[in-house]
Amino acid sequence: MAESVLLLVIKKIGIALGNGALDQASSQFSKYATQLVELQHSMGRVARELRVMHNVLCQMDIRNRNDQVYEGWLDEVRMVAHVMEDMVDEYLNQVGQEHDMGCCFYLKKGLRRPRSLLSLNQIASNVHEIEKDIAHLSEMKNRWVPMVNNGDTSSSNYIVKRSQDLANISRSLHEEDLVGVDKNREKLQQWLEGEDGECSVITLHGMGGLGKTALAANVYKMQREKFQCHAWVSISQTYSREDVLMNIIKELCKDRVDFLSNIATMDITCLEDTVKKFLEKKKYLIVLDDVWTPDAFDDLSRALLSNGMGSRLLITTREGDVAALASRGHILTLEALPEDKAWDLFSKKSFPRETNHECPQGLKPLSKEIVSKCKGLPLAIVSIGSLLHVREKTLGEWRRINDQLSWEIINNPRLGHIRNVLHLSFIYLPEYLKCCFMYCSLFPEDYLFQRKKLLRLWIAEGFVIERGASTLEEVAEGYLKELVNRNMLQLVDRNPFGRIKRLRMHDIIRELAVDLCQKERFGVKYEEVKCGGSVQRDERRLVVHKLKKDIQESFCSVHGLRSFITLDKNMPSFTVLPLLSEKSRYMTVLELSGLPIEKIPDAIGDLFNLRHLGLRDTKVKVLPKSVRKLSNLLTLDLCNSDIQELPSWIVKLENLRHLFAEKVNDQSFRVLHSLSGVCITKGLGNLKNLQTLHALDAQDESVRQIGELRQLRSLRILNVKGIYCELLCRSLVQMPFLSYLYVGASEDNEVLMLNALPPNLQKISLNGKLAEGTLLRESPLIQAMEQNMHELYLRWSQLREDPLPSLSRLENLTVLQFTRAYNGEKLEFLRGWFPKLKVLYLRDLPNLKQLEMKKGAMATLKSLTLFNLGSMAVVPSGIEFVMPLQYLSFYEITHDFLMSLCQHPRIARIPWQYTLRD
């Protein structure tokens, strides 16, 4: 595996030697020009050495990752790289240069004296020693690390051979090894046997180990004789067009000596022409197994004719971009096996000689636990089942395997197939995705990642590189989509906009990634129950899952720590912040959400590298003045802390991108003041890089200055008075990127006079009384929302006229919520209204007596919640439950209403829940 730590260090040196940093350094150390120039030259030489070293490692590590001599040498390289990273950070701190991993800013315009622990001379001396260490490492490699250069063991040939070995194993699986594939097999057969005369492209898609090749091979054997000619070709990550075309010809023309005799001497054009000529008037079936890029398909498709004979092209792939090449409606995505099918497959492999493959009763609980850890991955189930088949069928042996299953997957030669299948996916990841992928493995099994928070952490860590005019957040979201597309992260659900909302990492993939993290000194997860002892290595990132004792007893060395994240809200924390603030001066991410911390030490201001500070749900009441020195800070999360007011100097954190400082007073949002915000009276306009501001208490000056925050994407503003509305609207329309807006009125009877909105607003929550006519068809508000609005929340609006006729113009609306928003007695949803609505939530409408949903309204509705809707006693005949509902909820309903629901034939078939009124 290529060394991710080297890439990060090279990138930082590039920033240190950039024009902005050089100018600042020249000004700061004008009296020491000679020493400064020599230091900069030394850093440049180190960067060049590391860049070449990185390129060499990219070629070596695939072949030598299990070589102990090589791994020992590689560990020394990592340590030297870490020391160099420390020196670069010290240098940037001394010259007063903020480094944004791709952007350069000035910390201060004027001169300032060095205040770090190391002087310029000390840094220069250390960098000179690093140069010597790198030279020594090069000599050591030549002496002790074998360099394998012959063609048979090159990296590309290694990948090809490994891919072919795995494909051959999958193709040779017996029928009994295919469990839970009946529906997918039937669908594939239907597509292959279809009457469509055009050449259909069928893609079989899913993560490594799901059995794509095995299923394709099974169907291929049954269907190939129905075609005039057929061929199976493995593509792999590294392929040769010439070799693939030759293999296709060999498969197609096994009995044609005239075609085969001269192919070895043909160039690419002749090979393509030969394939075209042979397939010209034939109905053919060709399987391209293990395709990794759309380019590979494009390279080969020129030779594969669409001849109107009903030919079929079947592709197996792990990549979403390749799967998208399928003919319309011909993508088959494999999923993990359900529990019952996973158990059947495990039983067949573990107890092949038992009657009906019956698991001994005493081993059943442990066997179920082992199967659960495989998370439905057929490759893991087959491999681990085969391993257990040859082990003693005793409770002690079964328990031992279960307890050390993670170790077995990483180290046991019999489970090498699991490692190789998933390792190939990792090898093929672009370098910029490898750090992001490994980072996710530091979190617990089945951990649900929230998209926005994960992206902020990646950016803070420096994994994300600017691309053109896109923001770092937009680039990071692209990274996330790539990892999902490549099946390295699993999509759990999407938000109503269709964007990724939550994700997780498959447990087997995670185990392999954790091993990579430890080998690279990239980071470590800590769980006291499993780990024990102390974490003493020079780890860069630490995620605490569970810790019972004081942290100072557990972590002896935190000097080089860049990130500290705790997920244990009960962790003893009285020494955690002082320890990290004093010992980990290079800290970049400090995530302490949920800890019972009451005070932040002044020493936190010395963490000049800090880019993410998470104090959500803590008991912190005051931020120390030293926080103003954290000029690299990008995210400050104080949500639900005890901080009532932000200090005036907060506006000096000019690079801040995300500020969370609200407090949730009512989780159910049944009161007007469910949220509390903070005041920023002066200087709000200085925070020009802000993208997220939750939540601001409206005041004259802040409402006026908020229009200067042109980069805002998400804004919550509270305690808005009617007299502020005109000024607020003028400020809002100056925010071209604002997509989410939450406006809360100061009082129940304060009228929100909103007549203008930003152009790209997609989600809006209006909390307070709306002026009559605000939601009329002709109103500027409706016209502004018409094109882009996806989510609309109206609370305490006190509307008297039915707003649905006007809102029905919002054809892209996916979520609609009314909470105390309407005082009328009737709501009517007509045919064709809200064609994309998925969620409808009606709550606390005490006067509502009639609710009608006509057939054809809300054709895509999946979730309907009716909560305390007046005195409705029966389900009105106007409600026609014909939409594809998946969730139905009734809260605070009468007994008669409940009885009528139970008799409704549609509701009886929908999972639903209810609560009765007192």
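This one's a predicted model, so the numbers in the text were calculated from it and none came from an experiment.
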Under 4.5 Å between any side-chain heavy atoms of [X] and [Y], yes or no?
| X | Y | answer |
| --- | --- | --- |
| L300 | V291 | no |
| L345 | K341 | no |
| V322 | F297 | no |
| T471 | F737 | no |
| W458 | C440 | yes |

What are the two closest heavy atoms between [X] and [Y], and how far apart are they?
| X | Y | result |
| --- | --- | --- |
| K212 | T316 | O-CG2, 4.1 Å |
| F660 | T692 | CE2-CG2, 3.6 Å |
| T588 | A460 | CG2-O, 2.9 Å |
| G462 | K11 | O-NZ, 2.7 Å |
| L810 | L792 | CD1-CD2, 4.2 Å |
| I381 | C374 | CG1-CB, 3.7 Å |

Would you indicate whether [X], at its atom [atom1], is surrounded by more than 12 heavy atoms from other residues, nucleotides or ligands within a distance under 6.0 Å?
| X | atom1 | answer |
| --- | --- | --- |
| E193 | CD | yes |
| K373 | NZ | yes |
| Q189 | CD | yes |

Between the main-chain N or O of [Y] and the side-chain N or O of [X], is there a donor-acceptor pair closer than 3.5 Å?
| X | Y | value |
| --- | --- | --- |
| R451 | R494 | no |
| S739 | R713 | yes |
| N812 | N788 | no |
| N247 | V233 | no |
| H230 | E251 | no |
| S240 | D243 | yes |
| S311 | C199 | no |
| E272 | A303 | no |
| R486 | S425 | no |
| T203 | H205 | no |

Stepwise, does the side chain to side chain contact (heavy atoms under 4.5 Å, CB included) test hold for D507 with E511?
CA-CA 6 Å; D507 285 355; E511 292 295 344; 5.6 Å; no
First locate atom [atom1] of [X], then atom [atom2] of [Y], and finally report the distance between them rounded to the nearest 0.5 Å.
| X | Y | atom1 | atom2 | answer |
| --- | --- | --- | --- | --- |
| L210 | L215 | CG | CG | 11.0 Å |
| I409 | I509 | CD1 | CD1 | 11.5 Å |
| R562 | R540 | CZ | CZ | 4.0 Å |
| I286 | L304 | CD1 | CG | 4.5 Å |
| L429 | C435 | CG | SG | 11.0 Å |
| K763 | L738 | NZ | CG | 12.0 Å |

Quiz item: cation-pi between R467 and Y432, 6.0 Å / 45°:
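Because its charged atom sits under 6.0 Å from the ring centre and within 45° of the axis, R467 does stack over Y432.
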Pick out which of [options] makes a side-chain contact (heavy atoms from CB on, under 4.5 Å) with [X].
| X | options | value |
| --- | --- | --- |
| E477 | E473, E474, K481 | K481 |
| R502 | L454, N495, L448 | L448 |
| L377 | L337, V421, V382, I508 | I508 |
| K375 | Q490, H506, R510, R504 | H506 |

Carboxylate-amine/guanidinium proximity below 4.0 Å for E186 and K183:
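Result for this pair is no, no salt bridge flagged.
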If you measure from the Lys or Arg side-chain nitrogens to the Asp or Glu carboxylate oxygens, is any gap between D182 and R185 under 4.0 Å?
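Answer for the salt bridge query: yes.
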Qualifying residue for ring-ring contact (aromatic ring centres under 6.0 Å, His included) with Y439, from F449, F463, Y447:
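The option that passes is F463.
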Take Y220 and L285 through the test side chain to side chain contact (heavy atoms under 4.5 Å, CB included) and record every step on the way to the result.
CA-CA 8 Å; Y220 176 72; L285 169 62; 3.7 Å; yes
Between [X] and [Y], does any side-chain donor sit less than 3.5 Å from a side-chain acceptor?
| X | Y | value |
| --- | --- | --- |
| E319 | T317 | no |
| H658 | T635 | no |
| D290 | S234 | no |

I'd like to know whether S593 forms a side-chain hydrogen bond (donor to acceptor under 3.5 Å, both in side chains) with E591, so could you lay out the CA-CA distance, the side-chain angles of the two residues, the decisive distance to 0.1 Å, and finally the verdict.
CA-CA 6 Å; S593 294; E591 179 55 70; 2.3 Å; yes
When you look at H545 and V543, which way does the side chain to side chain contact (heavy atoms under 4.5 Å, CB included) test go after all the steps?
CA-CA 6 Å; H545 299 184; V543 180; 3.8 Å; yes
Can you classify the ring geometry of F426 versus F437 as parallel (below 30°), tilted (30 to 60°) or perpendicular (above 60°)?
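The arrangement is tilted - the two ring planes meet at 30° to 60°.
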Applying side chain to side chain contact (heavy atoms under 4.5 Å, CB included) to R657 and L472, what does each step give before you reach the verdict?
CA-CA 11 Å; R657 300 166 82 99; L472 291 174; 3.9 Å; yes
